[in-house]
Amino acid sequence: MKDQMIGSSVRRVDHEAKVTGRAQYLADMKFPGVCCGKILRSPIAHGRIRGMDASAALRVPGVLAVVTRDDFLNNSRIDPYYGPVFKDQSIVALDKVRFMGDPVAGVAAVTESAAEEALAAIQVDYEELPAVFDVLEARREGAPLVHEIIRVPPHGFEDLAGLRPKESSNICTHFQLTRGDVERGFAESDHVFEDVFTLPDTQHSSLEAHAVVAWVEPGGRIVVWSTTQNPFVIRTQLSNIFRVPVSQVRVLVPYIGGGYGGKLYPKLEPLAVALALKAQRPVRIVLSREEVFLTITKHAAHIRIKTGVKNDGTLWGRECEVLLDTGAYAEIGPRVAKKSGYTAAGPYRIPHVKINSYCMYTHKPPAGAFRGFGVSQSAWACESQMDIIAAALKMDPLELRLKNAYEEGDTFATGETLTNVGLTDCIKRAARAVGWGDRRPRNSSSPLARGKGLACLIKATITPSLSSALVKMNEDGSVNVYTGTIEVGQGSETVLSQIVAEELGLTMEQVRVAPMDTDVVPYDLTTSSSRSTFHMGKAMQLACQDLKGQLRELASQLYKVPKDQVRVEDGKVTIPDASLSYREILCTRFGMSGGNLVGQGVVKTSMLSPTGEKSTSAFWFLGAGAAEVEVDRETGRVRVLKYASAADVGKAIHPLGCRQQLEGAAVTGVGQTFFEQMVFDNGQLINPNFIDYVLPSLLDVPEVIESLMVEVPHPEGPFGAKGIGETGLIPVAPAIANAIYDAVGVRIKDLPITPEKIFMALQAQREGTTLEDR
Amino acid sequence: MKIEEVFVVKAPIQKVWDFLWNVEEMVQCVPGVEGAEMLDPDNYRVRLKVKVGFISASFAIHMKVTEKHPPRFLRSVCTGEEDRRLSTLKQNNVLELQPLADGSTQVTLKGEVSLFGKLGTLGDSVVRGKARKMMEEFSNNVRTKIEAS
Amino acid sequence: MKNFEYLEPRSVQEACQLLRQHGEEARIFAGGTSLSIVMKQGFFQPKYLVNIKKIPDLTGIRWDPKRGLTLGALVTHRELETSPLIQETFPILSQIEEDVANIRVRVMGTVGGNLAYAEPLTDLPQILIALEASIRVAGPDGDRTMSLEELFVDYYETSLRPDEILTEVLVPTPPPRTGIEYIRFSSSSVIDKPCLGTAVRFTLEEDLETVRTARVVLGCVAPTPLRARQAEALLEGKRYEVQRVKEAAAFASRECKPVSDLRGSEAYKREMVRVLVTRAAPRAFEKARAFRGQV
């Protein structure tokens with residue numbers, strides 16, 4: 001009997017390649033004849049391009065091609081507009097530039113220095129226009145418009161159908177969710193609270209910068225190597241842009257050095273293909289860190305939240321207005337805003353809810369998906385306000401949460417029924433882990449004060465979605481598996497291999513995940529939304545079951561036994577009186593040592609649940625975080641002594657991987673809470689580097705991080721498993737802010753929480769005023 | 001980035017205004033100015049060289065006077081392009097003069113400077129520190145020159 | 001990064017000659033921890049890099065009870081951190097080095113480079129100035145010595161002439177009854193550049209109560225390290241008293257010139273100078289009372 005595979009922290013299948021540095025990343029891979037692509041970027045935040053002259057650039061020795069808007073105007077073979085939701089992006093700027101850093105031209109040259117020299121030689125004449133840099137400005141009547149016209153593609157995402165840009169405004173999309181009558185809810189409440197919270201633009205900060213290599217084969221077939229998290233979307237978009245069938249686009253993805261949502265949807269691919277077409281050579285573009293800052297960000301947010309509460313702590317009404325700053329292009333912002341809206345009322349039963357979430361255009365770099373996808377924004381507001389409420393009602397924040405938290409069978413804000421909900425367990429376990437309720441005596445002579453705080457969350461996964469998997473059994477019984485899931489470092493190769501090994505009774509060595517190539521692997525929507533274990537894991541399981549069905553069928557035919565007497569288990573095919581290996585079955589079937597059996601599995605989730613009820617999410621992420629902090633009252637500096645992260649994982653297939661997800665999320669959360677902020681001066685990003693954009697170091701990490709896995713098996717997940725990638729990040733900032741309040745009695749509503757903000761709030765507290773009075 | 005400098009010149013307001021309104025002369029008080037040329041009374045071309053350690057940048061600046069109320073108020077806008085076209089700068093300036101009881105004049109100088117492009121990412125503290133230092137030196141030079149004349 | 005010519009002199013004299021020959025187009029390269037960043041960012045594009053790491057006379061840590069400590073310009077932060085000689089004679093230096101940047105920078109970055117680069121957000125200058133360190137400078141016409149304080153002129157600007165090289169740092173043997181405390185204060189990650197650095201040093205009279213010499217040296221609150229001279233004057237020649245320290249801290253807070261930036265507003269930095277001087281002084285005082293020949 002072999003060891004249990006599911007629930008065992010086997011060695012990662014990529015461990016050796018990555019630990020020894022042999023793993024190949026795109027910037028280092030060798031491509032014969034590859035040349036260097038570089039991007040000219042707008043020096044102004046908003047302006048019309050009056051004229052452009054690239055002739056001097058073409059004369060620079062070593063320059064192979066220059067791509068400007070002239071290549072796309074009156075060119076019926078290329079549609080230069082693209083974008084995952086609206087076609088508001090273009091390969092290079094066509095009429096206007098919309099942020100400092102907006103691509104204006106591309107150059108391909110034999111050397112990097114020739115490409116840089118050519119960029120400097122391109123003359124662009126801009127007519128500068130007024131610009132807006134935050135959501136409140138952007139919303140004002142008469143604000144400069146980022147887009148005058150927005151092209152809506154014919155086949156959009158099903159879940160975003162109906163969301164349209166508001167004409168003659170900077171509102172990209174507006175999502176509304178109403179339940180009950182919020183005004184009645186407030187009228188029936190004993191207390192009403194209203195607060196505004198903000199979060200700045202931040203970075204994904206993946207170790208690896210975006211990169212692409214593209215070429216066009218004779219005959220017009222497009223080949224793209226990309227650091228993308230969703231190659232099939234890239235394939236579709238390139239097929240639309242270059243007007244070729246999907247089969248004429250091949251996208252390959254090597255290992256990726258971190259994604260966190262920053263490598264979804266087209267980034268460099270359209271320009272790289274355009275350059276390759278013109279240069280007739282493979283073109284590689286690798287972004288500098290500064291360029292990554294200008295390519296994709298996390299949405300800054302301005303959130304107003306108003307809550308009505310009964311004297312006993314029952315939440316009775318909640319109104320939220322979420323303004324997300326999507327920058328110059330919609331990217332996937334409309335979905336981020338929608339998801340942010342769904343959960344803006346938090347993981348609580350509230351009869352009267354009204355939510356308005358807006359995705360707003362501004363003249364800043366585009367914002368897109370970021371681990372937590374809108375929920376880390378809305379949870380900052382909602383979970384911070386929970387403790388404001390608890391303090392005002394003199395209630396324990398834990399008790400307030402448990403009183404209102406969703407339980408199994410509760411109705412979500414959308415009206416659908418919630419199932420497989422391990423929320424209260426997460427809250428209780430996180431609280432217990434930091435010794436909730438144990439109070440240390442305060443030493444009044446010391447400037448150091450300690451406090452504890454909690455936060456929890458609910459988040460949806462992208463629905464509807466589609467994952468398909470193939471498992472190909474070889475003559476010796478080993479298998480190659482084909483998946484569109486990208487190994488971004490999250491350990492998907494390992495977990496998918498574990499699922500296949502368990503299902504087919506194989507060892508890990510007998511399972512091999514094939515490289516990602518859209519020519520070979522079947523369709524998968526995306527590696528994001530913490531969806532791969534649940535969706536692709538299940539598709540793998542189904543593919544294995546398909547394969548086992550074929551084996552059973554074969555054994556029945558070949559050995560002339562009734563099918564119901566054939567069992568496929570523990571890596572063997574058992575018939576009455578005999579136990580056969582996979583190898584024997586295949587050998588008998590094909591009459592030689594060769595041949596394959598191929599199993600297929602498809603998971604398609606829908607906006608209707610199996611019972612026909614509306615379904616916003618195929619499953620729900622539930623979790624909680626608890627922090628213990630120490631605040632220096634004289635300087636405002638905070639040390640996180642302990643952080644406990646609890647997540648409902650359904651079933652931990654690889655417990656160490658789950659722990660690493662929760663720990664990694666806690667560390668990212670520390671950065672988002674205390675340090676990270678892109679700082680703009682009139683549209684100019686002044687800290688596009690990791691010297692002045694500060695990330696957490698190992699020395700900033702909480703002294704203890706405790707990861708707690710709550711397992712409420714999900715009936716549709718593989719072995720009950722759900723996703724976990726984002727859960728751990730969402731509660732970190734509010735849990736810490738709540739702990740700071742518990743320690744020193746000041747409430748910080750604007751991230752990041754700097755020592756200065758705490759210091760100034762403490763000073764105001766001593767002077768008997770609040771910050772808002774000043 | 002906003003900077004403000006307030007200083008007192010021991011001279012009557014009209015004398016201070018006359019000095020400041022002689023723009024070609026006045027901008028010579030800005031450290032690093034290598035030349036100034038009047039295009040018309042409200043428009044000037046100025047060359048400025050700024051050095052921070054081993055990093056130096058030369059700007060061709062266009063200064064436009066947008067509002068003036070002699071002898072108390074002067075508003076101007078500067079836009080400049082760096083010679084290697086790596087950066088641009090924009091500066092809005094307001095000069096306010098106020099006569100004091102002792103016959104001297106208080107000068108308030110408010111500037112809002114933005115550096116765009118490569119130099120905009122040099123580092124907040126250095127850029128601000130340098131701008132503030134230039135403002136201080138400018139004030140000193142203005143005071144010294146007026147009081148000596 | 002633009003191409004450059006890499007030069008490797010074998011002696012200080014040869015290095016000075018190269019600098020004289022190439023003027024502003026050349027720059028000395030030692031650890032490269034700061035220079036390589038500005039070169040990669042495109043702020044600085046030298047035509048020549050003069051690597052002085054192969055010059056043997058510039059290395060080594062020496063101690064002489066009379067002359068004090070001599071640090072070759074090429075001594076790395078990591079050497080200061082781990083040298084048993086430093087830990088025995090000037091433990092403050094190894095203690096603070098533990099918190100300087102990160103280990104990769106400490107292994108590569110040199111003391112001479114740290115000082116000659118004149119980065120405004122750094123730690124060593126404050127401590128060394130508080131200890132009255134001087135530097136030796138070599139030029140084509142011979143050597144000269146100056147106090148470290150005189151080295152710093154402005155952001156990234158020193159009083160070194162273009163063809164001069166900082167060769168040594170000399171830290172005098174501390175007088176008896178001396179104690180020093182340094183507080184490195186970061187307003188974000190602990191490995192971020194400091195928001196403030198505050199060194200307080202006392203040398204006491206024989207009564208162990210009266211302050212003979214006080215040094216209050218502040219970093220990151222001006223283009224160069226700044227001695228809070230009013231604060232020092234208030235403390236010197238008087239009995240050490242908590243109330244007086246508070247007053248001195250208030251002086252220091254007023255006489256420094258911080259600018260508002262990403263690491264804090266001017267107002268906050270002034271408040272923190274007050275807090276840090278108040279915190280560092282009693283520790284420096286206690287160390288001075290317990291002086292055993294090392295600081």
Side-chain angles (χ1 to χ4, degrees), chain A residues 111-114 116-117 119-120 200 205 288-291 446-448 632-640 667 670-681 685-701 752-763 766 774, chain C residues 1-4 33-34 36-43 45 98-106 119-122 183-196 198 242 246 249 253 258 260-280 282:
Chain A
T111 62
E112 190 173 351
S113 54
E116 276 168 0
E117 202 183 325
L119 290 186
S205 309
S288 67
R289 182 57 61 180
E290 183 172 342
E291 288 179 294
S446 162
L448 302 177
D632 184 332
R633 302 178 64 95
E634 290 176 358
T635 63
R637 263 200 80 91
V638 181
R639 210 154 61 98
V640 182
V667 176
V670 164
Q672 300 264 318
T673 304
F674 291 119
F675 314 139
E676 295 181 47
Q677 178 171 29
M678 291 169 67
V679 181
F680 293 89
D681 176 17
L685 176 61
I686 64 171
N687 60 343
N689 54 63
F690 291 146
I691 301 169
D692 290 326
Y693 180 98
V694 180
L695 291 170
S697 75
L698 276 180
L699 300 172
D700 301 300
V701 169
I753 305 175
T754 59
E756 177 165 355
K757 287 180 190 169
I758 295 175
F759 177 86
M760 294 300 175
L762 281 166
Q763 210 171 43
R766 279 192 291 271
R774 306 182 110 203
Chain C
M1 205 190 287
K2 287 257 163 79
N3 286 344
F4 53 84
T33 49
S34 297
S36 59
I37 294 174
V38 286
M39 286 172 66
K40 270 175 97 169
Q41 288 179 320
F43 288 127
Q45 294 165 341
E98 282 178 23
D99 297 327
V100 167
N102 56 59
I103 191 161
R104 296 169 297 285
V105 168
R106 294 202 294 275
E119 153 78 50
L121 306 182
T122 184
I183 303 181
R184 177 186 206 278
F185 182 73
S186 160
S187 57
S188 66
S189 165
V190 294
I191 67 157
D192 186 23
K193 288 183 182 179
C195 163
L196 289 173
T198 303
V242 173
K246 282 188 180 165
S253 161
S260 296
D261 63 14
L262 297 176
R263 290 172 176 84
S265 70
E266 180 188 336
Y268 178 66
K269 287 181 187 176
R270 286 190 192 278
E271 291 287 352
M272 288 309 102
V273 165
R274 196 178 47 72
V275 171
L276 299 186
V277 171
T278 313
R279 283 185 181 183

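In what follows, every chain begins at residue 1, and chains take the letters A, B, ... in the order their sequences are listed. Quantities reported herein were computed from a predicted structural model and do not represent experimental measurements.
Interface remark: A:T635 contributes backbone and side-chain atoms alike to the contact with chain C (heavy atom separation under 4.5 Å). If you measure heavy-atom distances from C:T278 to chain A, you find no contacts under 4.5 Å at all. With a 4.5 Å cut-off on non-hydrogen atoms, A:P752 does not touch chain C at all. At a 4.5 Å heavy-atom cutoff, the contact between C:V190 and chain A is made by backbone and side-chain atoms alike.
The residue among A:V638, A:T754, A:D692, A:L695 with the most heavy atom pairs within less than 4.5 Å of chain C is A:D692.
Contact check for C:S188 versus C:R263: no side-chain heavy atoms found under the 4.5 Å cut-off. Looking at C:F185 and C:V275, their side chains never come closer than 4.5 Å, going by heavy atoms from C-beta outward.
C:S265 and A:E756 form a side-chain donor-acceptor contact under 3.5 Å, judged by distance and modelled atom types alone. Side-chain atoms of C:D192 and C:S186 form no donor-acceptor pair, as typed in the model, at a separation below 3.5 Å.
Residues C:E266 and C:K269 are not paired through a salt bridge, judged by the lack of any N-O separation under 4.0 Å between the basic side chain and the carboxylate.
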